[in-house]
Every structure is written in structure tokens, then in C-alpha cells.
**Student:** 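The structure under discussion is supplied below as C-alpha cells; questions concerning it will follow.
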Amino acid sequence: MHVLTGAHDAVADVVGALIGYELPSPRVALGSLGADGRLLGGVVFHDWQPQWRRIELSAAGADRRWMSRPLIAACADYAWRQLDAHVVYQAAPARFAFSAKLARALGAERVDLPEMRGPGEAEAVYILTRDAWERSRLGGVHGRS
């Protein structure tokens with residue numbers, strides 16, 4: 001797997017199509033490329049709030065192998081080193097098992113918000129602080145910040 005950088009709109013368009021809505025600008029996106037050069041998925045950072053040092057991310061992949069250690073390391077570098085963020089968060093349908101599994105591995109806390117995605121559909125907000133990331137089992141792919 002290779003990480004695609006600099007193609008913010010192309011990656012955001014793919015992720016937006018996979019999750020079903022257009023992602024806001026400004027944004028920074030990192031993609032995951034397969035061995036054949038095909039875009040497998042991506043992570044889009046948006047809604048940076050510098051006064052609180054927090055940023056939201058949206059992520060999706062069309063292939064089950066899209067989330068790789070190099071992509072996680074690139075995301076960590078962007079959030080923790082380049083932005084000096086304190087918190088990264090993601091909102092996703094509570095029923096998405098992949099989001100929950102990945103969030104746990106990264107050290108994120110989950111908060112469920114009933115009905116936020118419509119009647120009978122809860123939204124899960126995954127909140128990852130820098131400290132939690134550094135204590136997580138995957139925090140080592142980036143090194144300690």
C-alpha cells in the first residue's frame with residue numbers, strides 16, 4: 001500500500017461518494033493506493049478549529065485492505081505534528097463495525113448520540129486525544145509525538 005498525498009479533492013470525492021455526502025472545504029485528504037495504483041480509500045481532515053486544536057475526519061474505503069499502517073502513520077503525522085492537534089474526532093453511523101474496531105485500536109472513546117442520523121439511527125462520535133493515541137497499540141506506527 002502507498003499513501004497518496006496532494007490529491008485532496010480527488011480523495012475527498014471518493015470518500016464522499018462512499019459515505020454518501022460531500023465533505024466540506026477546506027480539507028486535507030490522504031489516500032490509500034493499491035499495488036496497481038488504484039485508490040482504495042482515504043481519510044479527509046476537515047473543520048479544523050485552531051482555538052480548540054481539534055479537527056474532524058471522515059474516512060471510507062472501497063476495499064477491505066484500504067486502511068494501512070503507512071496511512072495511519074501519515075494521518076498521525078498530519079494531525080499531531082503538522083497541526084499540533086489536541087483532539088481528532090469522527091462521526092459515523094453507530095452500526096458501522098469497522099469504524100468501531102478501528103477507533104478502539106487507535107485509542108478513541110465512543111459516544112453514541114441517539115437519533116442523530118434520523119429516526120432509529122444513532123451516530124457514534126469517536127474522540128481521539130493525543131494522549132490516548134500515544135498510549136494506543138497503534139500509536140507506535142507513528143512514534144511518540
**Student:** Hey, what do you get for CD (Gln90) to CG (Leu106), rounding to the nearest 0.5 Å?
**Tutor:**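 So the gap between those two atoms works out to 9.5 Å.
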**Student:** Roughly how far apart are Leu83 CG and Arg130 CZ, rounded to 0.5 Å?
**Tutor:**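 Reported to 0.5 Å precision, the distance equals 9.5 Å.
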**Student:** Provide the closest heavy-atom pair for Ala132 versus Gly107 in the form atom of the first, atom of the second, distance.
**Tutor:**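 Nearest heavy atoms, Ala132 then Gly107: CB-O, 3.4 Å.
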**Student:** Check whether Arg53 reaches the backbone of Val87 with its side chain - one donor and one acceptor, N or O, closer than 3.5 Å.
**Tutor:**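 Between the backbone of Val87 and the side chain of Arg53 there is no qualifying donor-acceptor contact (under 3.5 Å).
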**Student:** Apply the test salt bridge (Lys or Arg N to Asp or Glu O under 4.0 Å) to residues Arg54 and Asp47: give CA-CA distance (whole Å), side-chain angles for both, the deciding distance (0.1 Å), then the verdict.
**Tutor:** CA-CA 8 Å; Arg54 70 180 180 209; Asp47 294 320; over 6 Å; no
**Student:** Are Tyr126 and Tyr89 close enough, and set up right, to give a ring pair (Phe, Tyr, Trp, His ring centres under 6.0 Å), and what steps lead you there?
**Tutor:** CA-CA 5 Å; Tyr126 300 98; Tyr89 66 98; over 10 Å; no
**Student:** Which heavy-atom pair separates Arg117 from Ala91 by the least distance, and what is that distance?
**Tutor:**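 Heavy-atom minimum between the residues: NH2-O, 3.5 Å.
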**Student:** Minimum heavy-atom separation for Ala124 to Arg110, with atom names?
**Tutor:**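 The answer is CB-NE, 3.6 Å.
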**Student:** So does Leu128 get a backbone contact from the side chain of Glu109, meaning a donor-acceptor N/O pair under 3.5 Å?
**Tutor:**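 Checking the backbone N and O of Leu128 against the side chain of Glu109, no donor-acceptor pair under 3.5 Å is found.
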**Student:** Answer yes or no: does atom CD of Gln49 have more than 12 heavy-atom neighbours from other residues, nucleotides or ligands under 6.0 Å?
**Tutor:**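 Enclosed.
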**Student:** Any chance you could lay out the side chain to side chain contact (heavy atoms under 4.5 Å, CB included) test for Val3 and Leu33, step after step, and finish with the verdict?
**Tutor:** CA-CA 6 Å; Val3 177; Leu33 296 175; over 6 Å; no
**Student:** Count I, L, V, M, F, W, Y as connected when their side-chain heavy atoms are under 4.5 Å apart, and connections chain through other members. Are Val43 and Val14 then in the same cluster?
**Tutor:**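 Val43 does not cluster with Val14.
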**Student:** Is it the case that more than 12 heavy atoms not belonging to Arg38 sit under 6.0 Å from its CZ atom?
**Tutor:**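 Enclosed.
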**Student:** Should Thr129 and Val88 be marked as a side chain to side chain contact (heavy atoms under 4.5 Å, CB included) after you check the CA-CA gap, both sets of side-chain angles, and the distance that decides it?
**Tutor:** CA-CA 6 Å; Thr129 64; Val88 175; over 6 Å; no
**Student:** From Tyr78 OH over to Leu30 CG, what is the distance, rounded to the nearest 0.5 angstrom?
**Tutor:**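 CG of Leu30 is found 8.5 Å from OH of Tyr78.
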**Student:** If every non-hydrogen atom of His8 is compared with every non-hydrogen atom of Ala29, which pair is closest and at what distance?
**Tutor:**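 Smallest interatomic distance, heavy atoms only, reads ND1-N, 2.9 Å.
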**Student:** Please determine whether side chain to side chain contact (heavy atoms under 4.5 Å, CB included) holds for the pair Asp77 and Gln82, giving the CA-CA distance in whole Å, both sets of side-chain angles, and the decisive distance to 0.1 Å.
**Tutor:** CA-CA 6 Å; Asp77 181 74; Gln82 293 180 47; 2.9 Å; yes
**Student:** Indicate if Leu57 and Trp48 have the same hydrophobic cluster label, given that clusters are the connected sets of ILVMFWY residues with side-chain heavy-atom separations under 4.5 angstrom.
**Tutor:**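 Yes, same cluster.
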**Student:** Give a yes or no on whether Leu4 and Leu23 share a hydrophobic cluster (residues Ile, Leu, Val, Met, Phe, Trp, Tyr; joining criterion: side-chain heavy atoms under 4.5 Å apart).
**Tutor:**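 Leu4 clusters together with Leu23.
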**Student:** Quick check: is Met116 connected to Val111 through a chain of hydrophobic side chains (ILVMFWY, heavy atoms under 4.5 Å apart)?
**Tutor:**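 Yes, Val111 connects to Met116 through the hydrophobic network.
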**Student:** Can you see which heavy atom on Val44 is nearest to which on Arg27, and at what distance?
**Tutor:**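 Closest approach of Val44 to Arg27: CG1-CB, 3.9 Å.
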**Student:** Does any donor atom in the side chain of His46 or Ser58 lie under 3.5 Å from an acceptor atom in the other side chain?
**Tutor:**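 Note: His46 and Ser58 side chains meet the donor-acceptor criterion.
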**Student:** Are Phe45 and Leu71 linked, directly or through intermediate hydrophobic residues, by side-chain heavy-atom contacts shorter than 4.5 Å (ILVMFWY only)?
**Tutor:**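 Hydrophobic grouping puts Leu71 with Phe45.
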**Student:** Take Val11 and Asp9, measure what side chain to side chain contact (heavy atoms under 4.5 Å, CB included) needs, and give me the verdict at the end.
**Tutor:** CA-CA 6 Å; Val11 173; Asp9 290 340; over 6 Å; no
**Student:** Restricting to non-hydrogen atoms, name the atom on Trp66 and the atom on Ser32 that form the minimum distance, rounded to 0.1 Å.
**Tutor:**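 Residues Trp66 and Ser32, closest heavy atoms: O-OG, 2.7 Å.
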